[in-house]
Amino acid sequence: MSKVKHLENLCVINADFDIWSGQTRLSASDFKLGAGGEIPPEKVAQLGSKKICDPAKLKGFHRLKTETRRFLLSYGMPFMNGYAVPVAKTDEICAKLDKIDVEVQQLKHEFVTGYNNAVDEWCRENPEYETAIRAGALPREEVEKRIGFEYQVFMVQPTQDEQSAHRLNRKVEELGDDLIAEVVNDANDFYNKRLAGKMHVATATGATLKNLRDKVDGLSFLNSAFTPLVSLLDQTLAGYEKHGAGKRNIEGMFVFQIMAAVLIMCDRKRIQEYAGGSLSVDDVAKTLTRDELSSLESGASDQEDESEGVESDEALEQPYVQTQSQEVNQEDGEQVNNLEPETILDDFEAFLANRTSSANQDDEEDDALEDKSDVSSQTLWDADLNCDDIPVEDYSQDPADYVGKDFGQSHSNDHVVSQPEQQPTELDDQDCYF
């Protein structure tokens with residue numbers, strides 16, 4: 001990892017919340033003991049605490065504390081009991097913290113004003129312990145002192161001692177490693193939850209990548225690999241705007257571009273290779289067009305075996321017929337079936353996975369199964385598939401050639417096309433672009 005360029009690029013923000021627990025310490029008089037009973041001494045046991053009011057009335061303070069922590073982590077990293085953030089973002093961060101301070105003061109005023117009533121209400125809810133509750137209740141002025149919020153901003157500078165300065169520099173340099181680890185963790189989480197096993201991605205997921213991009217950009221001086229990483233995220237987000245404008249989901253070849261970009265960020269080694277120029281998005285995207293569909297095929301088979309068993313070729317083909325039928329009606333301006341986009345896409349994936357499996361067989365296996373495949377092929381083409389406008393050369397056995405094709409044109413329903421036997425083809429460079 002590269003060394004920190006300038007300590008003056010960093011500042012530390014310490015956000016300090018004081019939130020009263022709503023509790024006070026139990027006393028011996030709070031216990032009602034039977035004959036011969038006694039309370040153990042403090043040397044042996046502590047009495048614990050008792051609630052003076054409903055803890056739910058303090059939830060607003062804890063919510064703001066959590067919100068503040070997440071906000072600071074979106075800009076920086078934990079450091080020296082605070083958060084190391086870029087100096088360039090200090091004004092923006094402080095403006096938000098000032099707003100949080102205003103909210104805290106408003107909540108504090110409301111709570112302190114209604115404190116006595118809150119104690120009374122708590123006593124009514126717990127009448128058998130009213131004496132103990134009131135005995136431990138703090139004065140309102142004391143409660144007011146125990147609630148507050150403030151933050152401090154300070155710069156990091158080494159001392160004149162060479163050894164101390166070396167330790168400080170080492171800690172600052174470790175921030176770069178920590179940020180790399182965070183990027184890898186966030187990217188893996190994003191891929192597993194939003195991309196793995198899918199042929200579409202929700203347009204709203206771009207916000208997650210945008211937040212990650214902004215954080216890496218602000219701390220890009222910590223590591224030389226961060227600048228290319230910011231460019232990668234900028235290109236991906238630009239693709240979101242281009243392919244996802246006005247849509248709920250992004251489909252087609254750009255899904256593989258998103259997958260490729262995220263997979264680069266999923267591994268520390270890939271990040272370094274991308275930063276060094278030895279790995280590109282297209283390199284990863286081209287392998288995904290086959291590997292990802294192979295994974296889809298495997299996952300679909302497992303799910304079918306667990307639920308209803310392996311479906312027939314005809315059952316897998318029928319949803320694709322429905323998809324074409326729906327698109328033809330849209331082209332003609334007629335009423336269409338109310339099919340969910342996710343259902344249509346999942347059916348198409350199953351169709352592609354079923355078609356792809358034959359391309360992975362050896363030549364000897366193809367010859368041995370030729371007679372059996374004739375039956376399923378005839379079933380496929382008798383299913384009223386509309387393929388007049390699909391060039392024969394585009395209907396290869398490589399699943400990558402199907403992605404992004406327009407199957408929604410109006411066709412004749414009585415035309416039968418024989419399935420050509422072609423070898424899988426490689427994607428051209430021009431097929432993978434932002």
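None of these values were measured; they are calculated from a predicted model.
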Donor-acceptor under 3.5 Å (Tyr240 side chain, Leu209 main chain): no
Exam field: side chain Asp283 to backbone Ser280, donor-acceptor pair closer than 3.5 Å: yes
Interatomic distance, Lys269 atom NZ to Leu279 atom CG [nearest 0.5 angstrom]: 10.5 Å
Intermediate values then yes/no, salt bridge (charged side-chain N to carboxylate O under 4.0 Å, His left out), Arg134 and Asp120: CA-CA 9 Å; Arg134 293 194 182 280; Asp120 294 338; 3.0 Å; yes
Heavy-atom donor-acceptor pair, Asp217 side chain to Arg213 backbone, under 3.5 Å: no
Side-chain (Ser49) to main-chain (Gln23) donor-acceptor, under 3.5 angstrom: no
Main-chain N/O of Tyr129 paired to Asn126 side chain as donor or acceptor, under 3.5 Å: no
Any side-chain heavy-atom pair of Leu222 and Asp177 under 4.5 Å: no
Pairwise distance OG1(Thr68) to CZ(Arg63) - rounded to 0.5 angstrom: 9.5 Å
Between Asp234 and Ser231: side-chain donor-acceptor atoms closer than 3.5 Å: no
Pair Glu67 + Lys96, salt bridge at N-O below 4.0 Å: yes
Audit row: Lys57, Glu121, salt bridge (charged side-chain N to carboxylate O under 4.0 Å, His left out) steps and yes/no: CA-CA 12 Å; Lys57 296 184 180 298; Glu121 181 181 346; 3.7 Å; yes
Flag, side chain of Lys50 to backbone of Ile133, donor-acceptor distance under 3.5 Å: no
His62 atom NE2, over 12 foreign heavy atoms within 6.0 Å: yes
Main-chain N/O of Phe17 paired to Lys65 side chain as donor or acceptor, under 3.5 Å: no
Residues Lys215 and Glu182 bridged, charged N to O under 4.0 Å: yes
Main-chain N/O of Pro55 paired with Trp122 side-chain donor or acceptor, under 3.5 Å: no
Main-chain N/O of Ala202 paired with Arg194 side-chain donor or acceptor, under 3.5 Å: no
Residue pair Trp20, Phe61: steps toward the side-chain contact (heavy atoms from CB on, under 4.5 Å) verdict: CA-CA 9 Å; Trp20 181 49; Phe61 299 104; over 6 Å; no
Nearest-0.5 Å distance that lies between atom OH in Tyr151 and atom CG in Leu97: 5.5 Å
For Met199 against Val255, the heavy-atom pair lying closest together: O-CG2, 3.6 Å
Contacts of type side-chain contact (heavy atoms from CB on, under 4.5 Å), residue Ala204, not counting sequence neighbours: none
Interatomic spacing from NZ in Lys242 to CD in Gln235 - rounded to 0.5 Å: 12.0 Å
Greater than 12 external heavy atoms within 6.0 Å of Glu142's CD: yes
Check: Thr227 and Leu229 side chains under 4.5 Å, non-hydrogen atoms: no
Name the atoms and distances for all side-chain donor-acceptor pairs under 3.5 Å in residues 69-88, with sequence neighbours left out.
| from | atom 1 | to | atom 2 | distance (Å) |
| --- | --- | --- | --- | --- |
| Ser74 | OG | Phe71 | O | 2.5 |
| Tyr75 | OH | Glu92 | OE2 | 2.4 |

Minimal non-hydrogen separation, Phe226 against Leu219, with atom names: CD1-O, 3.6 Å
Residue Glu162 excluded, over 12 heavy atoms near CD under 6.0 Å: no
Separation between OG1 of Thr205 and NZ of Lys210, rounded to the nearest 0.5 Å: 14.5 Å
Donor-acceptor contact below 3.5 Å, side chain Ser278 vs main chain Glu273: yes
Distance (rounded to the nearest 0.5 Å) between Tyr115 OH and Glu141 CD: 10.0 Å
Any side-chain heavy-atom pair of Val172 and Leu168 under 4.5 Å: yes
